[in-house]
Amino acid sequence: VDWHFQPNGLYGQRPGQPRETPEQTDRAIQANLDALLDAGFTTVQSLGAASDKARRDAIAAGTMRGPRILTSLGQLSPRATDTPDQLRERVRTLKANGADVIKLFASGSIRDGGKMSVTPEQIDAVCGEARAQGLRSLVHAHDPQSIITSVKAGCSQIEHGVFADAAAIQAMKAANVFFDPNIGLVLQNYNEN
């Protein structure tokens, strides 16, 4: 909800460009929230901005206008050295800090081929602990291996899936896993622009 074009017409800070003021940022975020609510969206999901917690809580308290926000407060990007027990603890910590969902990176970027970047045991630990904590688990997964492994681990949703093949799509369908492809956004945003 905080993504917006600044007064200079750009997204993000560019060298040599004037910085947006905090007041301008706040107005742009509120405009995004108003637009969502006015369009009929009563709930949105934001996967990764820690700043969503304060907005979510302000909306719930009635001190800010906007749709209900479900947030992951950040993402889990396991390193090769992260054990399943360490990852389970990170899920529990996110829940204790107020996360509504868990987002896991199970593959690299499409710019790097989107190949699976974690072990099946790591995916099992994150998705299993999320489920044990009563949270949905959303997995950034591009290639068939990362998608199918995430589905087998009991994840709730696959994000992106740019390189999904028929087997990956069938696995999602058979397990009733939600697929959020947002392919156009990824390809046009990252590759072409």
Side-chain angles (χ1 to χ4, degrees), residues 1-6 9-14 29 32 35-36 39 41 43-52 67 69-82 84 87 90-91 94 99-131 135-193:
V1 296
D2 61 353
W3 288 16
H4 63 278
F5 291 105
Q6 296 184 18
L10 300 174
Y11 169 76
Q13 183 61 38
R14 301 290 196 283
I29 291 169
N32 284 347
L36 285 164
F41 291 93
T43 304
V44 295
Q45 168 171 279
S46 179
L47 304 175
S51 57
D52 286 334
I69 297 175
L70 302 177
T71 178
S72 64
L73 301 179
Q75 307 93 10
L76 294 178
S77 298
R79 300 173 304 245
T81 57
D82 287 337
L87 294 170
R90 287 170 63 190
V91 169
L94 283 166
D100 301 299
V101 299
I102 300 296
K103 181 166 184 190
L104 168 66
F105 277 79
S107 75
S109 166
I110 60 170
R111 295 180 302 272
D112 303 324
K115 299 292 181 200
M116 190 161 137
S117 58
V118 297
T119 67
E121 294 78 18
Q122 289 174 319
I123 296 173
D124 287 342
V126 171
C127 293
E129 188 61 33
R131 197 170 45 259
L135 299 172
R136 292 178 300 118
S137 52
L138 291 69
V139 184
H140 168 105
H142 283 298
D143 74 334
Q145 182 185 11
S146 62
I147 294 168
I148 293 169
T149 302
S150 298
V151 168
K152 286 180 181 177
C155 75
S156 309
Q157 180 172 323
I158 298 295
E159 296 287 320
H160 311 305
V162 171
F163 304 115
D165 62 9
I169 292 170
Q170 181 56 41
M172 288 184 282
K173 182 177 189 257
N176 201 30
V177 169
F178 188 78
F179 181 35
D180 180 19
N182 59 32
I183 293 169
L185 169 71
V186 173
L187 291 177
Q188 280 69 44
N189 189 30
Y190 294 137
N191 287 348
E192 295 175 14
N193 298 307

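Quick note: numbers below take in every heavy atom, side chains included, and nothing from hydrogens, waters or symmetry partners.
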Would you indicate whether the side-chain heavy atoms of [Y] and [X] approach each other to under 4.5 Å?
X: Leu104; Y: Ser137; answer: no
X: Val1; Y: Val44; answer: yes
X: His140; Y: Gln75; answer: no

From [X] atom [atom1] to [Y] atom [atom2], the distance as rounded to the nearest 0.5 Å:
X: Ile148; Y: Gln170; atom1: CD1; atom2: CD; value: 10.0 Å
X: Leu76; Y: Phe105; atom1: CG; atom2: CZ; value: 10.0 Å
X: Ile147; Y: Ile169; atom1: CD1; atom2: CD1; value: 7.5 Å
X: Ser46; Y: Asp2; atom1: OG; atom2: CG; value: 7.0 Å
X: Gln145; Y: Ser117; atom1: CD; atom2: OG; value: 10.0 Å

Handout entry: Contacts of type side chain to side chain donor-acceptor pair (under 3.5 Å), residue Thr43, not counting sequence neighbours
Key = Arg68

Practice task
Please name all residues satisfying side chain to side chain donor-acceptor pair (under 3.5 Å) with Ser77, sequence neighbours left out, ordered by chain then number.
Solution key: none

Exercise for the section: Please confirm whether the backbone N or O of Pro84 pairs with a side-chain atom of Glu121, one donor and one acceptor, at under 3.5 Å? Expected result: no

Handout entry: Arg136 (side chain) donor-acceptor with Gln157 (main chain) under 3.5 angstrom
Key = no

Problem - Partners passing salt bridge (charged side-chain N to carboxylate O under 4.0 Å, His left out) against Arg90 (at least two apart in sequence or in another chain) - result: Asp82

Fill in the blank from the handout: Those residues at least two apart in sequence (or on a different chain) that pass salt bridge (charged side-chain N to carboxylate O under 4.0 Å, His left out) with Asp143 are none

Exercise: identify the closest heavy-atom pair between [X] and [Y]:
X: Val139; Y: Ala106; value: CG1-CB, 3.4 Å
X: Leu135; Y: Ala99; value: CD2-O, 3.7 Å
X: Val151; Y: Ala171; value: CG1-O, 3.5 Å
X: Ala141; Y: Ser146; value: CB-OG, 3.3 Å

Practice task
Give me the ring orientation class for His160 and His142: parallel if the planes are under 30° apart, tilted from 30 to 60°, perpendicular past 60°.
Solution key: parallel

Problem - Side-chain donor-acceptor contact under 3.5 Å, Gln122 with Arg79 - result: no

Handout entry: Those residues that, when tested against Phe163, pass ring-ring contact (aromatic ring centres under 6.0 Å, His included) (two or more places apart)
Key = none

Completion exercise
Given the options Cys155, Pro120, Ser107, Ser156, Ser150 meets side-chain contact (heavy atoms from CB on, under 4.5 Å) only with Cys155

Exercise for the section: Identify the residue among Asp52, Leu138, Ile102, Val101 that makes a side-chain contact (heavy atoms from CB on, under 4.5 Å) with Ser72. Expected result: Val101

Problem - CA sep, side-chain torsions, deciding dist, call: Met172, Ile158, side chain to side chain contact (heavy atoms under 4.5 Å, CB included) - result: CA-CA 8 Å; Met172 288 184 282; Ile158 298 295; 3.7 Å; yes

Handout entry: salt bridge (Lys or Arg N to Asp or Glu O under 4.0 Å) contacts in which one or both residues fall within residues 150-171, not counting sequence neighbours
Key = none

